[in-house]
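Below is one structure; the comments refer to it alone.
Along the sequence shown, residues carry numbers from 1. From a predicted model like this one, the values you see are computed outputs, not experimental measurements.
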Amino acid sequence: MTAVAQSYVIWFSQRVGSTLLTQTLEDLGIAGRPREWFEADSVASLLAKHDVTDGRGLRDSLWREATTSNGVLGLKYGMRAAFHAELVALLGNWNAVFPSCRHVFMTRRDKLRLAVSWWRAIQSGEWHRPARTAATVIDGPEGRAPRPTPPADLLDRYDRSAIRHLLAEAEVREADIHAELARLGAVPFTIVYEDLIAGYEPTMRALLDFLDIPGRKGVAIPPPAFAPIADDVSDAWCRRYRKESAAP
């Protein structure tokens, strides 16, 4: 098992560009393997996922799977408050699991477009759109699944209540993340989705500097591995939601 010299956690909610960001970090080969190693419905299913029985085993699995040969460990973490409390209780000392840890917080300015993107993904089944033929972290062990075909009636699947619920859910998740970062005494490096898209390479280089990744100077930043999914349906739903929200 590679010794862990430094670590980082990328805290995110849905539809903020986290997979795009973490794929780039993993492609570099020097910045850990920041996947959703803690993604599970419960602590029991998380332990089963890693084929371990306790917090020590989970820590060792994370150190083994998420660390590159230079000792950098990365984690992409979509925190949910109730599950997080159980996870912290299982792991014990969070800082002992993540040595010399730095924190990154991902967000999106336009929360309506975030919620619309979230609802579109739920309805279409298309959560990511690879922009290259090479494998990505979302590909299964048998290779890339066929790209989902959006239903013909996707435009008609607009649901104001669902979008409003996802808007609120995004706000709650971000508030919970901020509360946990405050508890840890962490000042995160914030990445805003719109800035990442507008300035992809400068944002990535600023992040590498913040994380103090060894060997980052002069490293080539690979092109984005994923393409945008927003389309005319997304635009139409945003316009309709704004119009309905402005109505008396």
Side-chain angles (χ1 to χ4, degrees), residues 1-39 61-78 98-110 113-114 117 121 126-145 147 186-230:
M1 181 168 60
T2 302
V4 179
Q6 63 189 83
S7 63
Y8 63 89
V9 179
I10 295 175
W11 306 75
F12 76 102
S13 63
Q14 291 287 339
R15 317 310 289 167
V16 294
S18 61
T19 305
L20 169 66
L21 183 91
T22 54
Q23 181 69 63
T24 299
L25 289 169
E26 181 157 342
D27 287 344
L28 293 174
I30 59 172
R33 300 175 68 224
R35 302 187 183 187
E36 293 183 67
W37 301 109
F38 286 167
E39 175 61 26
S61 177
L62 177 67
W63 284 9
R64 182 174 57 252
E65 299 296 335
T67 307
T68 40
S69 59
N70 59 349
V72 177
L73 179 152
L75 173 72
K76 174 186 173 185
Y77 187 41
F98 297 97
S100 302
C101 189
R102 303 194 180 196
H103 300 268
V104 180
F105 170 65
M106 297 195 72
T107 187
R108 189 167 180 163
R109 280 193 201 92
D110 193 331
R113 293 201 73 90
L114 180 155
S117 175
E126 186 179 23
W127 291 82
H128 308 95
R129 185 176 295 173
R132 68 185 193 191
T133 57
T136 68
V137 297
I138 65 169
D139 295 335
E142 297 180 357
R144 180 167 299 163
R147 177 180 164 189
V187 179
F189 181 86
T190 298
I191 294 180
V192 179
Y193 171 81
E194 288 86 349
D195 297 339
L196 173 63
I197 299 305
Y200 167 73
E201 182 164 342
T203 300
M204 292 306 308
R205 293 204 179 279
L207 174 60
L208 292 175
D209 286 341
F210 170 78
L211 297 176
D212 195 24
I213 300 297
R216 69 189 180 278
K217 300 299 184 184
V219 69
I221 304 297
F226 298 95
I229 296 178

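- Listed by chain and number, the residues in a side-chain contact (heavy atoms from CB on, under 4.5 Å) with Thr107 are Phe105, Lys111, Glu174, Thr190, Val192 (sequence neighbours excluded).
- In terms of heavy atoms, Thr68 sits closest to Arg33 at CG2-CG, 4.4 Å.
- Under the salt bridge (charged side-chain N to carboxylate O under 4.0 Å, His left out) criterion, Glu126 pairs with Arg120, Arg129, Arg147, sequence neighbours left out.
- Side-chain contact between Pro214 and Val72: present, with at least one pair of heavy atoms (C-beta onward) separated by less than 4.5 Å.
- Here CG of Leu28 is found 10.0 Å from CD of Gln23. Values are rounded to the nearest 0.5 Å.
- The two residues Ile30 and Asn70 come nearest to each other via the heavy atoms O-ND2, 2.8 Å.
- Within the 3.5 Å criterion, the main-chain N or O of Ala135 finds a donor-acceptor partner in the side chain of Arg132.
- Interatomic distance, Met204 CE to Leu20 CG, rounded to the nearest 0.5 Å: 8.0 Å.
- Atom OH of Tyr77 is separated from atom NE2 of His103 by 12.0 Å, given to the nearest 0.5 angstrom.
- A 4.5 Å side-chain heavy-atom check between Leu62 and Phe38 finds at least one atom pair inside the cut-off.
- Looking at Arg216, its side chain does come within 3.5 Å of a backbone N or O of Ile213 through a donor-acceptor pair.
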Could you go through the side-chain contact (heavy atoms from CB on, under 4.5 Å) check for Leu21 and Val16 one step at a time?
-> CA-CA 9 Å; Leu21 183 91; Val16 294; over 6 Å; no
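- Nearest heavy-atom pair, Ala131 versus Pro224, reported as atom, atom and distance to 0.1 Å: CB-O, 4.0 Å.
- Judged by distance alone, the side chain of Tyr8 and the main-chain N or O of Ala31 form a donor-acceptor pair under 3.5 Å.
- Considering all non-hydrogen atoms of both residues, Ser18 and Met106 come closest at CA-SD, 3.6 Å.
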Can you list the steps and then say if Leu208 with Ile221 is a side-chain contact (heavy atoms from CB on, under 4.5 Å)?
-> CA-CA 10 Å; Leu208 292 175; Ile221 304 297; 4.0 Å; yes
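- Pairing each heavy atom of Leu25 with each of Pro34, the nearest pair is CB-CG, 4.0 Å.
- The two residues Pro222 and Ala220 make their nearest non-hydrogen contact at CD-O, 3.5 Å.
- Considering CG of Leu114 and OH of Tyr193, their distance stands at 9.5 Å, rounded to 0.5 Å.
- Rounding to the nearest 0.5 Å gives a distance of 11.0 Å between CZ of Arg35 and CD1 of Ile138.
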Might you work through the side-chain contact (heavy atoms from CB on, under 4.5 Å) test for Arg102 and Asp212, ending with a clear yes or no?
-> CA-CA 9 Å; Arg102 303 194 180 196; Asp212 195 24; 3.9 Å; yes
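- Using modelled atom types, one side-chain atom of Arg144 and one backbone atom of Ala134 make a donor-acceptor pair closer than 3.5 Å.
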Let me see the working for Val9 and Cys101 under side-chain contact (heavy atoms from CB on, under 4.5 Å), right down to the final yes or no.
-> CA-CA 7 Å; Val9 179; Cys101 189; 3.9 Å; yes
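- His128 NE2 to Thr136 OG1: the interatomic distance, rounded to the nearest 0.5 Å, is 8.5 Å.
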